[in-house]
Each structure stands twice: as C-alpha cells, then as structure tokens.
Amino acid sequence: MECGEILIDELAGDFDLQSTVESGQSYLWDRPDGQMYTESDVHGGTAWYETVVSPIHGVTEEPAVVRVRQHHDRLEWESTTDAVSILTHILRLDDDLDAIERAVPADPMITRAFDRYPGMRLVRDPAFPSLISFICSAQMRVSRIHGMQRSLRETYGMAVEMDGQTYYAYPTPESIAARTEAELRGLSLGYRAPYIQRTAEMVAGGEADPRDAASLPYEDAREYLTQFVGVGEKVADCVLLFSLGFTEPVPLDTWIQTAIADYYPDCACGSYAETSRSIRDRFGGKYAGYVQTYVFHHLRNGGE
DNA sequence: TATCCAAGGTAAGTT
DNA sequence: AACTTACCTTGGATA
C-alpha cells in the first residue's frame with residue numbers, strides 16, 4: 001500500500017471532498033462508515049471515501065484502490081499505487097475553481113449555491129461506469145442509484161485486495177454484456193436491466209465507445225451518446241459533464257426543470273435542445289455545467 | 001400494517 | 001417532429 005497527501009493550499013481554489021463526492025455526480029464512491037447521503041455533516045471533516053478506479057487511458061492501466069479523507073487543509077490518501085495523478089484527474093483538482101467562480105454569472109440563486117458549498121468540484125468519472133450509472137438514474141433516488149452501482153460491482157466486478165481488505169472494481173463492458181437480462185433484473189435494476197445489458201454489448205463488441213464522444217463538438221457528442229440503449233439527451237448530458245470533461249452541459253433533470261419554472265421561466269422554450277441552450281446561456285455558457293451542479297445540490301438539499 | 005406515490009427518463013407507438 | 005404511454009422497484013409518506 002502506498003500513501004501520501006495533497007495540500008489544498010497548492011490547488012487553484014478550494015476543495016471540499018464531501019460535497020464533491022456526495023452531490024449526485026458520481027455513484028462510484030463508498031463511505032465505509034455507511035453514512036453516504038445521510039447528510040451527516042463532515043464538512044472539512046475526516047470521513048474516509050473509497051473507490052476502485054477503472055483503467056483510465058494515460059492515468060491508470062489497471063484497477064486501483066483509492067481511499068481518501070479530508071483534513072481541514074489537506075487530503076490524506078491510501079492506494080495500491082501512487083494516487084496523486086488519479087485523484088487530480090477524477091476529482092478535477094487541476095481546475096482553477098477561483099477563476100471558474102469569477103466567470104460565473106452573479107445571479108442571486110447561483111451566488112447562494114456557490115456560497116453554500118465552497119470547494120465543490122465537478123468529478124471526472126471513468127466513462128463506462130459513468131454511462132451505466134446514469135442509465136440507472138432514470139426515475140431513481142440518488143441513494144438507490146448508488147446502491148445499484150455497488151450491487152453491480154460486488155456481483156460482477158473484479159476483486160482487488162489492499163491491506164487485507166477486498167474491494168471490487170466496476171464490472172467491465174464484457175462482464176456485463178455476458179449477463180442475461182433476467183440475471184441483471186435480479187439486482188433490482190428493473191426496466192434498466194435490458195438497457196444496461198445491450199449498452200454493455202455495444203461497447204464490448206466495439207460498435208461504439210463513449211470515450212469517442214470526448215473529441216466531438218458538444219452537441220454532436222450528446223447526439224453520439226444517445227445511440228446507446230437507455231441513453232436520452234439528459235443522461236447523455238450527465239455523462240459529458242461528469243465523465244468526458246465537458247463543462248457546458250446542463251442536464252435537464254426534474255430539479256433543474258423546477259428551477260427553470262420557478263426562477264428562469266423565459267428559458268422554458270419547448271424542446272430539450274432549445275431549453276438546454278437557453279439555460280446554458282443563462283448559466284454563463286462555458287461553465288454552465290458547473291453552475292448546474294451547484295444549483296442541483298443546493299435545491300436538492302432544501303435551498304431556494 | 002396496508003396502500004400509495006414518486007424517484008437526476010427513455011423507448012416505442014400515435015398523430 | 002411533437003405528444004402519449006408503459007415501464008421495474010422500493011423507501012418513505014399517508015391512512
């Protein structure tokens with residue numbers, strides 16, 4: 001096991017581990033204390049978070065266990081390998097959050113959301129796990145989406161040992177493609193089971209790869225992802241925002257739709273594409289997805 | 001204790 | 001292209 005730390009002061013802008021990991025962007029982390037999504041306040045506290053990072057081209061070549069916790073001014077990590085570049089990548093520690101906050105519109109709602117969660121960052125999840133996570137997200141509660149990913153890992157994922165503990169990597173496209181719809185329904189995935197199976201088959205068979213969307217212009221990338229079964233415009237936006245490095249998508253989920261109706265009614269203009277474009281402009285364009293994530297987390301936790 | 005409802009939507013069928 | 005409808009499951013609310 002290797003270990004080390006990352007100093008928050010050396011980043012461009014603040015960082016808060018809890019809000020970053022528990023804000024419904026990523027469903028690939030666990031809290032061994034079992035307090036995920038319980039709103040137990042560990043702001044700047046010391047709860048451990050752990051994940052097994054799937055291979056990311058240029059960052060890890062094989063599954064790596066990563067555990068991390070935040071002390072007030074630093075991140076303490078333990079891993080099967082050097083985790084600095086991994087954490088920098090998947091938690092976007094290389095974003096200049098100060099510059100992003102300055103670039104965001106000084107709208108009252110946006111300001112309240114940013115003030116409430118200082119240091120919250122976008123995540124950059126591995127592509128296939130992110131794609132499956134958000135296929136699972138349809139008509140589901142955040143805590144259950146998380147539970148589904150854990151079931152998938154523990155049932156079909158490769159075991160990885162660290163320090164006498166067993167962790168499970170996210171299943172590969174091949175391992176999910178080899179399951180039947182009935183087997184997957186056994187994990188309480190409901191009508192998402194065939195979507196997940198068929199999408200995994202498309203990736204495993206080389207028919208399409210979600211990572212290929214990363215090099216396309218934003219709206220073309222969204223269109224590309226909708227070829228996967230169970231992926232519509234909203235899920236496609238989530239994958240572009242939380243995995244593929246785009247910062248401008250504003251996924252139009254129920255919370256953002258409500259926000260549009262209540263606070264930005266003139267942005268509600270028909271089709272998904274048009275409304276999306278309109279609210280994206282209102283949220284400042286380039287970093288509109290960052291704004292969406294703050295507003296989503298703020299509203300979901302009772303803000304107004 | 002039983003019933004009802006809604007949860008980060010999408011696919012397939014109609015008009 | 002825009003508009004309906006069915007879809008699995010379950011935790012939490014309501015009676």
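Proteins get letters first, then strands, A, B, ... in listed order; numbering begins at 1 in each.
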Practice item. Go through the steps for R69(A) and D33(A) under the test salt bridge (charged side-chain N to carboxylate O under 4.0 Å, His left out), then give the verdict. Key: CA-CA 12 Å; R69(A) 65 173 167 174; D33(A) 67 3; over 6 Å; no
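In this structure, a donor-acceptor pair under 3.5 Å is present between the side chains of D237(A) and Y218(A). Between the side chains of N301(A) and Y117(A), at least one donor N or O sits under 3.5 Å from an acceptor N or O.
Counting only heavy atoms from C-beta outward, the side chains of R67(A) and P32(A) approach each other to under 4.5 Å. Here the side chains of M120(A) and L97(A) are not in contact, with every heavy-atom distance at 4.5 Å or above. Proximity of R282(A) to I260(A): side-chain heavy atoms (C-beta onward) are nowhere separated by under 4.5 Å.
Of the residues in residues 276-302 of chain A, those lying under 4.0 Å from DNA chain B by heavy-atom distance are Q292(A), F296(A).
E181(A) comes within 4.0 angstrom of no nucleic acid atom, judged by non-hydrogen atoms across all strands. At a threshold of 4.0 angstrom between heavy atoms, the contacts of S23(A) include nucleobase atoms, whether or not backbone atoms are also involved.
Separating the CZ atom of R144(A) from the C1' atom of dA6(B) is a distance of 12 Å, rounded to the nearest angstrom. Between the CG atom of L187(A) and the P atom of dT10(C) there is a distance of 11 Å, given to the nearest Å. Computed from coordinates, the Y27(A) OH to dA7(B) C1' distance equals 11 Å when rounded to whole Å. Here the P atom of nucleotide dA7(B) and the CD atom of Q257(A) are 12 Å apart, to the nearest Å. Between the CD atom of E274(A) and the P atom of dA1(C) there is a distance of 12 Å, rounded to whole Å. In this entry the distance linking CZ of R141(A) with P of dC5(B) reads 14 Å, nearest Å.
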Exercise for review: At under 4.0 Å between heavy atoms, which parts of nucleotides 9-15 of chain B does protein reach? Answer with one letter per nucleotide, 5' to 3': B base, S sugar-phosphate only, - none.
Suggested key: BSS----
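Residue side chain R192(A) reaches the base of dC8(C) through a donor-acceptor N/O pair under 3.5 Å, judged by distance alone.
The base-pairing partner of dC8(C), taking Watson-Crick or G-U wobble contacts with both distances under 3.5 Å, does not exist among the strands shown.
Without hydrogens or angle criteria, T226(A) side chain to E233(A) main chain gives no donor-acceptor distance under 3.5 Å.
Taking the P atoms as reference points, dT3(B) lies 23 Å from dC8(C), given to the whole Å.
Classified by interplanar angle (parallel below 30°, tilted 30° to 60°, perpendicular above 60°), the ring pair Y37(A)/Y27(A) is tilted.
For dC8(C), one of the phosphate oxygens OP1 or OP2 lies less than 4.0 angstrom from a side-chain nitrogen or oxygen of R185(A). One finds no side-chain N or O of S271(A) lying less than 4.0 angstrom from the OP1 or OP2 phosphate oxygen of dA1(C).
The existence of a salt bridge linking R124(A) and D94(A) is confirmed by a sub-4.0 Å separation between a basic side-chain nitrogen and an acidic carboxylate oxygen.
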